[in-house]
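One structure is given below, encoded as C-alpha cells.
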Amino acid sequence: MNDATQTGMKLPQLAKQSGLSISTLYEYLRSGILHPPVRRGPTKAIFNESHLARLKTIRGLREKEKLSLADIKTRLRSEADSTEEDGSSIRNQIIDTALALFSRKHYDKTKISDITDALHMGNGTFYRYFTSKEELFLHCLERLPKIMVTRETWNEVKRETDYITRLRKRGNAMLGSFHSYIGMLNHTKLVLGGDDSHLAEKASECLKSVATPLRKDLDQAIAKGQVRPLDTDLAAYLLLGINEIFGHRLLMDDRYTIEEGFDFIEEFLRHALASSSAPTLQQKPFALTLCSGETMVIRSLSCNGAPHLTGSVGAGTLEVAFESLSTLTLTHDKQCTTAHIRTDAGKTGNLSVDPDYELSGATELGAYTVQIRNVRSIKKA
C-alpha cells in the first residue's frame, strides 16, 4: 500500500489508483454507491482506503455479475444488513446515536464526524454501514417509532381494556422519551414538504407507523361501543398532534405537570369521542364475502378509516358513502380492481379502486381488517 492511501487522496489520485475515470467516480458518488469523501475544509475533500475497497467491490459486481448501479446499491445495503448479529450491532448503535444527535443538534447541524466521535469510531467504519448521512436518516426514520414507545409499554397498553386509559398510558410513554425524538420528529415533518421525493415517502411511512396503532385502537373501541363511529384515520393523527403539542407545552414552563395535563386531555377526549345512543351513520350491518368464500357480518364499515369508498371514474375521483350502498361487487384482474355499485336508491355505477386499500369494521368477535383485493362482495344485511 502506498502513502497516498494512508494519508488520503484527492479525486484525480483516486481515479488513478482505481483505474476508473473521474466522470465514473462522480456518477458513483451521485448514485450513493460510493460514500462521500472526508471533508477537511470547505474545499478540501479526501478519499482513503475505504473508498478504494468499495470501488474494487463495485467493479467486481459490474464486470462479473453485470449488475446495474441500482442493483449494486441494494446488494451493498443487504450485505451491510447481514453483518448485524443483534440489537446492539454497530449499525444500530450508529442509528441510535444519530437519532439522539439529530434531536439535540438538528439534522442539518449534525456532521458524520459528530456521530463517529460520539461512538469513538473512524469515519471508515461508518461508511461500511451507510453510504451517506441521507441514507442514515432514512434508517433513523424506520427506527424512530420503536424508540417513541418501547415494546414493554406496548405490551402494557395491550392489556388495558379501557380505550381512554390506553391512550393515557401510550401518551405517558411518548412524553417520557419526548426529548429523545422531538427534534427528529420535527425534521421528519419538514421532509414531507421537501424536494427529495424518496425522503418524503420515508417520512410519510414513519408518521403512518406512529399513527397506525392509534387508528387500530379507535377501530376496536368503536367495535366495542366505547367510541362513536368516526373517521379513525384522521382522528389518529389528531390524537398524535394533541400529545405532541402537550409535550411542547411542558417544555415551556412548569405550570402543568404531566398528570394534570393528561387529566384535562382525558376529560376532553371522553366528551369528544364518547359513544352516543343517538342515531349515527353506518349502524346497519353489511355481509362481507371474501374471494375465498367466507362471509361475515360487519358494522361501522370503513375504507382506510373513512366512512366511504374512494375510487376513480375517468379522470376524476368519486367517494361513495357506505351508508348509501345496497350492494358492492368487486372484480379483480392484473390491471385493476373494479367496484360495481348499487345504492339503496337503485343507482348503479363502476369505479376503479386501489386493491391495497383496507376495509375495516366491527364484528361480534372484534375489529376486522382486510385488503380490498381479498373481497368479492359487500351487501347490506
Side-chain angles (χ1 to χ4, degrees), residues 157-158 160-164 166-167 170 208-209 211-240 269 272-311 317-332 337-345 349 351-381:
V157 168
K158 288 178 181 177
E160 179 56 57
T161 57
D162 180 71
Y163 172 70
I164 301 297
R166 283 167 70 97
L167 274 181
R170 198 190 303 276
K208 285 179 181 177
S209 67
T212 294
L214 295 172
R215 178 180 63 79
K216 290 183 176 180
D217 273 1
L218 278 167
D219 287 334
Q220 292 178 356
I222 291 172
K224 295 175 181 177
Q226 296 176 339
V227 171
R228 62 184 176 84
L230 42 72
D231 185 331
T232 54
D233 182 65
L234 183 58
Y237 285 96
L238 290 176
L239 292 172
L240 188 63
L269 291 178
L273 302 176
S275 179
S276 171
S277 58
T280 55
L281 298 181
Q282 295 195 41
Q283 289 304 304
K284 294 183 179 180
F286 288 87
L288 185 149
T289 302
L290 302 178
C291 295
S292 55
E294 297 99 327
T295 297
M296 63 188 66
V297 176
I298 189 167
R299 293 179 180 271
S300 301
L301 187 62
S302 65
C303 178
N304 282 9
H308 52 255
L309 179 68
T310 300
T317 300
L318 180 66
E319 294 180 353
V320 180
F322 286 115
E323 63 168 346
S324 69
L325 286 181
S326 173
T327 62
L328 186 153
T329 304
L330 295 154
T331 57
H332 310 280
T337 292
T338 303
H340 309 278
I341 295 168
R342 176 179 290 275
T343 69
D344 288 333
L351 70 159
S352 297
V353 297
D354 189 332
D356 292 327
Y357 279 175
E358 288 186 343
L359 293 174
S360 59
T363 71
E364 290 184 352
L365 295 176
Y368 181 75
T369 301
V370 64
Q371 285 188 322
I372 282 180
R373 66 171 71 253
N374 297 312
V375 178
R376 178 190 298 167
S377 66
I378 300 171
K379 295 182 180 181
K380 188 164 287 183

**Report entry** Flag if over 12 foreign heavy atoms under 6.0 Å of NZ, Lys380
**Finding:**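 Yes, enclosed.
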
Requested in this report: Could you grab the distance from atom OG1 of Thr327 to atom CZ of Phe286, nearest 0.5 Å is fine?
Outcome: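 One finds 10.5 Å between OG1 of Thr327 and CZ of Phe286.
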
Query raised in the report: Among all residues two or more places apart in sequence or in another chain, which pass the side chain to side chain contact (heavy atoms under 4.5 Å, CB included) test with Thr317?
Result: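 Scan of Thr317 (side chain to side chain contact (heavy atoms under 4.5 Å, CB included), adjacent residues dropped) gives Thr310.
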
Query raised in the report: Quick one: side chain to side chain contact (heavy atoms under 4.5 Å, CB included) partners of Thr363, sequence neighbours excluded?
Result: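 Only Met296, Ile298, Leu365, Tyr368 meet the side chain to side chain contact (heavy atoms under 4.5 Å, CB included) criterion with Thr363.
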
Identify the heavy atoms of [X] and [Y] that sit nearest to each other, and give their distance.
X      : Y      : value
Phe322 : Cys303 : CE1-N, 3.7 Å
Ala235 : Leu230 : CB-CD1, 3.9 Å
Leu318 : Leu351 : O-CD1, 3.9 Å
Thr369 : Glu358 : CG2-OE1, 3.5 Å

Check side-chain hydrogen bond (donor to acceptor under 3.5 Å, both in side chains) between [X] and all other residues, then give those that pass, not counting sequence neighbours.
X      : result
His332 : Thr337
Thr343 : none
Asn374 : none
Arg166 : Asp217

Query raised in the report: Would you say the side chain of Ile378 lies within less than 4.5 Å of the side chain of Leu359, judging by non-hydrogen atoms?
Result: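 Heavy-atom side-chain distance check passes, below 4.5 Å.
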
Requested in this report: Compute whether any side-chain donor of one residue and acceptor of the other, for Thr329 and Ser377, lie under 3.5 angstrom apart.
Outcome: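 Distance-only check fails for Thr329 and Ser377.
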
Report task. Apply the test side chain to side chain contact (heavy atoms under 4.5 Å, CB included) to residues Asp233 and Ser302: give CA-CA distance (whole Å), side-chain angles for both, the deciding distance (0.1 Å), then the verdict. Result -> CA-CA 10 Å; Asp233 182 65; Ser302 65; over 6 Å; no

